[in-house]
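Below: the structure, in structure tokens.
Heavy-atom basis, side chains included; hydrogens, waters and symmetry copies ignored. FYI, the numbering just counts along the sequence from 1.
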Amino acid sequence: TKTTPRLARNLALGLAMLGVAASDAQAANFTWTNTSICLFGPCNWSSSSFWSPAGFPNAGDRATIARNTAIALTQNIGPLTGLSLSDGARLSTNGHALNAASSNATTDIEGNGTTGASTRLTVDSGGPLGFDYYGSFLSMRRGAELRMNGGGAVATFGIYLSPSSLISGHGTVALLNNGNTFNVAGTIRPSGGDLLIWSQASSGIDLDGDIGGDEFGNLEVTSTGSLEVRGDLSDPFSGTMTIGHSNDIEFDTPFSIDGTVRFTATSDSHLVSPSITFRSDASVIVDSAIAYIDAETSWPFSPTIDLIATTDELHLTDDSNFGESTEWAGRGLLVNEAPAVMSLADGSDVGVDLLNEGTLAIGHSTNDETGFVTLSDLEQSGGLLSFDIDGKTAGVDYDQVHVNGNLVLSGDLEVLLPPGLDLVQGDAFALITVDGTTTGTFDGLGDGDLVGTFDGEDLYMT
């Protein structure tokens, strides 16, 4: 978050110094004619003998580079009226400023259709004018790559990443104009540090690229860096997020998902947002991982949670609200961390082990609803179990939990009765039934201890 104001301020300063409106009248179309990589590293952009016509493209010109050529800037360039890379061409800003924003120009990076092909624009840090790459439209197609090497890449009118293309590395990729689109149908893959994807578009970021098509984008945070997404999403995320190696994906706005979140090969990876709604087709998979969702979560309809192995854990650190049709799979552990409230709707069947360190509310007790839920193993570890008693029929008038496996008790018990409920001597409420073993007690509630007094009637623990 600290990079955003500085980037905007430096960008404004840099554009003023460079003069974005200068020299459109030149309008020369330059083509790089050298067909091989230079012998001692990238070629010099200013090598006039490799450009046709003579000279090299600068303000007001259009540049085309192709045929496996690697070029590095040796001075600040632009504003160009267009830039094209194809056929394995590679261009590095090399610590200078590349301005390709004249006359709403397009920067077109086109590979050969294979993901991770060598056609790429590398944006290094160090542009002295407050930015490293500045363009109007930035398009990466057919396996092209925008490789961030600590720099800032800014577009004003649109950014498009095709299904087979890639944004990689670390730095900032930003869309500044609020009336256009940031469309990601390809892959975003941080490496070497943190990558910020930032959009001011009022239409939001189409982070899975599925507007008008069936191609879904991918966020792969499995190397040495995390991903921060700043700006609203235009629609539910339908792609795949893969998070591993103790890295994070962080959103600064609420969003919904009907795609897949996969945690893998990690002991401390986080998905962060103010709130997330997991829709019917959404799935969360924890595979060889200890994973954290740091967001208020809602799980209506029938999302799937798969905690594959006994060593896999999914920690929910904020309030969660589960619908009865949430599907559970695997043999791992679900952890409700303090002080989060986990609400389980009537009819929920949680088919994984549950460790409750926060508050567990049955039948959405926060809404005064009663219900019946089924758990696998339940360990109550210093948290709170909350039950509503509105009548005398288990699972209908009062909350009931059935534990298929074993129950381990500690922490607190909360029993909520409405005023005027008619209790008589001998009434019993089976709050928890257990198929396996039961060990421990609620804090201060051994066998026969007083739970509470309600309208003059005492309820005792057994």
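Annotation: the span from Leu146 atom CG to Leu85 atom CG amounts to 10.5 Å, rounded to 0.5 Å. Remark: Asp248 CG to Asp194 CG distance equals 8.5 Å, nearest 0.5 Å. Note that OG of Ser238 and CG of Asp206 are 9.0 Å apart. Values are rounded to the nearest 0.5 Å. Rounding to the nearest 0.5 Å places CD1 of Ile285 at 12.0 Å from CD1 of Ile243. One finds the CG atom of Asn104 at 7.0 Å from the OG1 atom of Thr156 (value rounded to the nearest 0.5 Å). Taken to the nearest 0.5 Å, the OG atom of Ser275 stands 9.0 Å off from the CZ atom of Phe255.
Evaluation of the salt bridge (charged side-chain N to carboxylate O under 4.0 Å, His left out) test over residues 88-109, restricted to residues two or more places apart or in two chains, returns Asp108-Arg141. Residue pairs that meet the salt bridge (charged side-chain N to carboxylate O under 4.0 Å, His left out) test with at least one member in residues 146-163, sequence neighbours left out, are Glu145-Arg147. Counting only residues at least two apart or on different chains, the salt bridge (charged side-chain N to carboxylate O under 4.0 Å, His left out) pairs with a member in residues 284-302 are Arg262-Asp287. Screening residues 148-175 for ring-ring contact (aromatic ring centres under 6.0 Å, His included) gives Phe137-Phe157 as the qualifying pairs, with residues at least two apart or on separate chains. For the disulfide bond (SG atoms under 2.5 Å apart) condition, the pairs that include at least one residue of residues 36-101, sequence neighbours left out, are Cys38-Cys43. The ring-ring contact (aromatic ring centres under 6.0 Å, His included) contacts involving residues 328-363 comprise Phe322-Trp328, where partners must be two or more places apart or lie in separate chains. For residues 301-323, no pair satisfies salt bridge (charged side-chain N to carboxylate O under 4.0 Å, His left out), with sequence neighbours left out.
Looking at Phe372 and Ile362, their side chains never come closer than 4.5 Å, going by heavy atoms from C-beta outward. Contact check for Val284 versus Phe263: side-chain heavy atoms found under the 4.5 Å cut-off. Using a 4.5 Å heavy-atom threshold, the side chains of Val184 and Ile197 count as separate. Contact check for Trp32 versus Ser47: side-chain heavy atoms found under the 4.5 Å cut-off. Residues Ile188 and Val229 are not in side-chain contact: their nearest non-hydrogen atoms beyond the backbone lie 4.5 Å or more apart.
The side chain to side chain donor-acceptor pair (under 3.5 Å) test with Ser283 is passed by exactly one of Thr304, Thr260, Asp258, Thr240: Thr260.
Nearest heavy atoms, Asn247 versus Thr222: ND2-C, 4.1 Å. Here the shortest heavy-atom pairing between Val341 and Ala361 reads CG1-CB, 4.5 Å. When all heavy atoms of Gly111 and Ala144 are compared, the pair lying nearest together is N-CB, 3.8 Å. Heavy atoms only, all atoms of each residue included: Val221 and Leu227 are closest at CG2-CB, 3.8 Å. Nearest heavy atom pair, residue Leu91 against residue Trp45, reads CD1-CE3, 3.8 Å. Nearest approach of Leu316 to Ala340, heavy atoms of both residues: O-CB, 4.2 Å.
Remark: the backbone N or O of Gly244 is not paired with any side-chain donor or acceptor of Thr266 at under 3.5 angstrom. Under the 3.5 Å distance criterion, the side-chain polar atoms of Asp268 are left unmatched by any main-chain donor or acceptor of Ser246. A donor-acceptor pair under 3.5 Å is absent between the side-chain atoms of Thr370 and the main chain of Asp399, judged by distance alone. Side chain of Thr277 to main chain of Ser256: no donor-acceptor pair is present (N/O by atom type, distance under 3.5 Å, no hydrogens or angles). Judged by distance alone, the side chain of Thr253 and the main-chain N or O of Gly231 form a donor-acceptor pair under 3.5 Å. Not a single donor-acceptor pair under 3.5 Å links the side chain of Thr310 to the backbone N or O of Gly332. For Asp132 (side chain) and Gly126 (main-chain N/O), a donor-acceptor pair under 3.5 Å exists by modelled atom type. Between the side chain of Thr224 and the backbone N or O of Gly192, at least one donor-acceptor pair lies under 3.5 Å. At least one donor-acceptor pair under 3.5 Å links the side chain of Asn76 to the backbone N or O of Ala97. Not one N or O on the side chain of Thr31 forms a donor-acceptor pair closer than 3.5 Å with the backbone of Thr64.
Ring planes of Phe278 and Trp299: parallel class, angle under 30° (limits at 30 and 60°).
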Under the side-chain hydrogen bond (donor to acceptor under 3.5 Å, both in side chains) criterion, do Thr74 and Asn44 qualify, and how do the steps go? CA-CA 7 Å; Thr74 52; Asn44 184 338; 2.8 Å; yes
Step by step, would you call Tyr292 with Val272 a side-chain contact (heavy atoms from CB on, under 4.5 Å)? CA-CA 8 Å; Tyr292 296 80; Val272 183; over 6 Å; no
So Leu98 and Leu121, side-chain contact (heavy atoms from CB on, under 4.5 Å) or not? Walk me through it. CA-CA 11 Å; Leu98 173 60; Leu121 171 62; 4.1 Å; yes
The test is side-chain contact (heavy atoms from CB on, under 4.5 Å); show your working for Thr119 and Glu110 and say whether it passes. CA-CA 7 Å; Thr119 304; Glu110 183 174 0; 5.6 Å; no
Working note: His96 + Ile77, criterion side-chain contact (heavy atoms from CB on, under 4.5 Å); need CA distance, chi angles, decisive distance, verdict. CA-CA 8 Å; His96 295 84; Ile77 297 297; over 6 Å; no
Evaluate the side-chain hydrogen bond (donor to acceptor under 3.5 Å, both in side chains) criterion for residues Thr242 and Asn218: first the C-alpha distance (whole Å), next the side-chain angles of each, then the deciding distance (0.1 Å), finally the verdict. CA-CA 8 Å; Thr242 304; Asn218 299 294; over 6 Å; no
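By the ring pair (Phe, Tyr, Trp, His ring centres under 6.0 Å) test, Phe182 is found to be paired with no residue, residues two or more places apart in sequence or in another chain being considered. When the ring pair (Phe, Tyr, Trp, His ring centres under 6.0 Å) test is applied to Phe30, no partner is found at least two apart in sequence or on another chain. With sequence neighbours left out, the side chain to side chain donor-acceptor pair (under 3.5 Å) criterion links Thr69 to no other residue. Listed by chain and number, the residues in a side chain to side chain donor-acceptor pair (under 3.5 Å) with Thr107 are Tyr133 (sequence neighbours excluded).
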Below 3.5 Å, can you tabulate the donor-acceptor pairs from side chains in residues 376-385 to any protein atom, sequence neighbours excluded?
| residue | atom | partner | partner atom | Å |
| --- | --- | --- | --- | --- |
| Ser376 | OG | Asp353 | OD1 | 3.1 |
| Asp377 | OD1 | Asn406 | N | 2.8 |
| Gln380 | OE1 | Asn356 | ND2 | 2.9 |
| Gln380 | NE2 | Gly383 | O | 3.1 |

